[in-house]
*Asks:* 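Please read through the structure below; I'll follow up with questions.
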Amino acid sequence: MFATRFAPSPTGRLHKGHAFSALTAWTAAREAGGRFILRVEDIDPTRCKAEFEAAIFEDLTWLGLDWETPVRRQSEHLADYAAVIDALTARGLLYRCFRTRKDILDAIGDAPHGPGEAVRPGPHAPDEEARLLAEGRPYAWRLSLERARQALGETAWNALSFVEEGGGHEGEIGVVRARPETAGDVVLARKDAGTAYHLAVTHDDALQGVTHVVRGLDLFEATHIQRLIQALMGWPAPTYRHHRLLAGPDGRRYAKRDQSITLAELRAGGLTPEALRAELGF
Ligand code: GLU
């Protein structure tokens, strides 16, 4: 059965871009006679707040959306993600990385290929790793693309792909070859949170039976590495529909960090859900 989701992180108030994304996913579920899931992606304890989560429910209800309950809150399921980390570690696919962001940026700056290249710092030498562990230094778990490639085998690695129905990079549609190397050796468990976005999102899409991932084009590039994680874990590959990103009156796309006008502010200013839906094309 068709199932899609809207998976916001409660790090701020929702703006029109979120409304567009949520309406796109909800309408797709309605048209397919399928399921619509709302998932709270709150694994970052420093940025997520309960008040923002409450506001998400309020804003989406105001917009006229409904969703399955109970809503999955990722922070309540950290043991699930830890189990995946353990499984991948046992298969030798992850390595400990004690480097700070600055160490890595400095190393990239020194390397001949220069900045902008995907980060693949590689494992520490065994004696160095043992020393850092003994010193109690914090570390992240990174996925080794080299070992992942060996684990999948050349044939499966080369055949790794996903179906894009929305329109990816430069309008790419249909079967898209997954290029996990563009992401580098991504962090799958962070020092502070025990999991990272790519792992939690793919785990939950599989667990919740999501058949269609409907989300903004800003996450298209993330699909390459997410597809690899699914393949390594034997999780099903959803179909993807990346939608266009909404631009504000200034021509710039809506984003939390730019302090875009929020749905709450628009509501307080007298905007009705009907008017907003019509404006957004629903
Ligand atoms: N939680 C992610 C965000 O707020 C979205 C995850 C996804 O749709 O894959 O950007």
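First listed ligand is number 1; within each ligand, the first listed atom is number 1. Computed from a prediction, not measured in an experiment: that's the story for all the values here.
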*Asks:* Side chain to side chain contact (heavy atoms under 4.5 Å, CB included) with Arg73: which residues, sequence neighbours excluded?
*Replies:* Val40, Asp42, Glu53, Ser75, Glu76
*Asks:* Which residues end up grouped with Leu219 if you chain together Ile, Leu, Val, Met, Phe, Trp and Tyr wherever their side-chain heavy atoms are less than 4.5 Å apart?
*Replies:* Tyr197, Val201
*Asks:* Before signing off on this row, confirm whether Tyr197 and ligand 1 have an N or O atom pair separated by under 3.5 Å.
*Replies:* yes
*Asks:* Could you tell me which atoms of ligand 1, counted from 1 in the order shown, lie closer than 4.0 angstrom to a heavy atom of Glu41?
*Replies:* 1 (N), 2 (C), 5 (C), 6 (C)
*Asks:* For Tyr95 and Gly122, indicate whether the former's side chain and the latter's backbone hold a donor-acceptor pair under 3.5 Å.
*Replies:* yes
*Asks:* Measuring from atom CG of Asp185 to atom CG of Leu143, what distance do you get when rounded to the nearest 0.5 angstrom?
*Replies:* 6.5 Å
*Asks:* At under 4.0 Å between heavy atoms, which part of Leu219 makes contact with ligand 1: side chain, backbone, both or neither?
*Replies:* side chain
*Asks:* Quick check on contacts: which atoms of ligand 1 are under 4.0 angstrom from a heavy atom of Arg215?
*Replies:* 7 (C), 8 (O), 9 (O)
*Asks:* What atoms of ligand 1 come within less than 4.0 Å of a heavy atom belonging to Arg5?
*Replies:* 7 (C), 8 (O), 9 (O)
*Asks:* Side chain or backbone, does Val201 bring an N or O within less than 3.5 Å of an N or O on ligand 1?
*Replies:* no
*Asks:* Okay, side chain of Arg35, backbone of Gln208: is any donor-acceptor separation there less than 3.5 Å?
*Replies:* yes
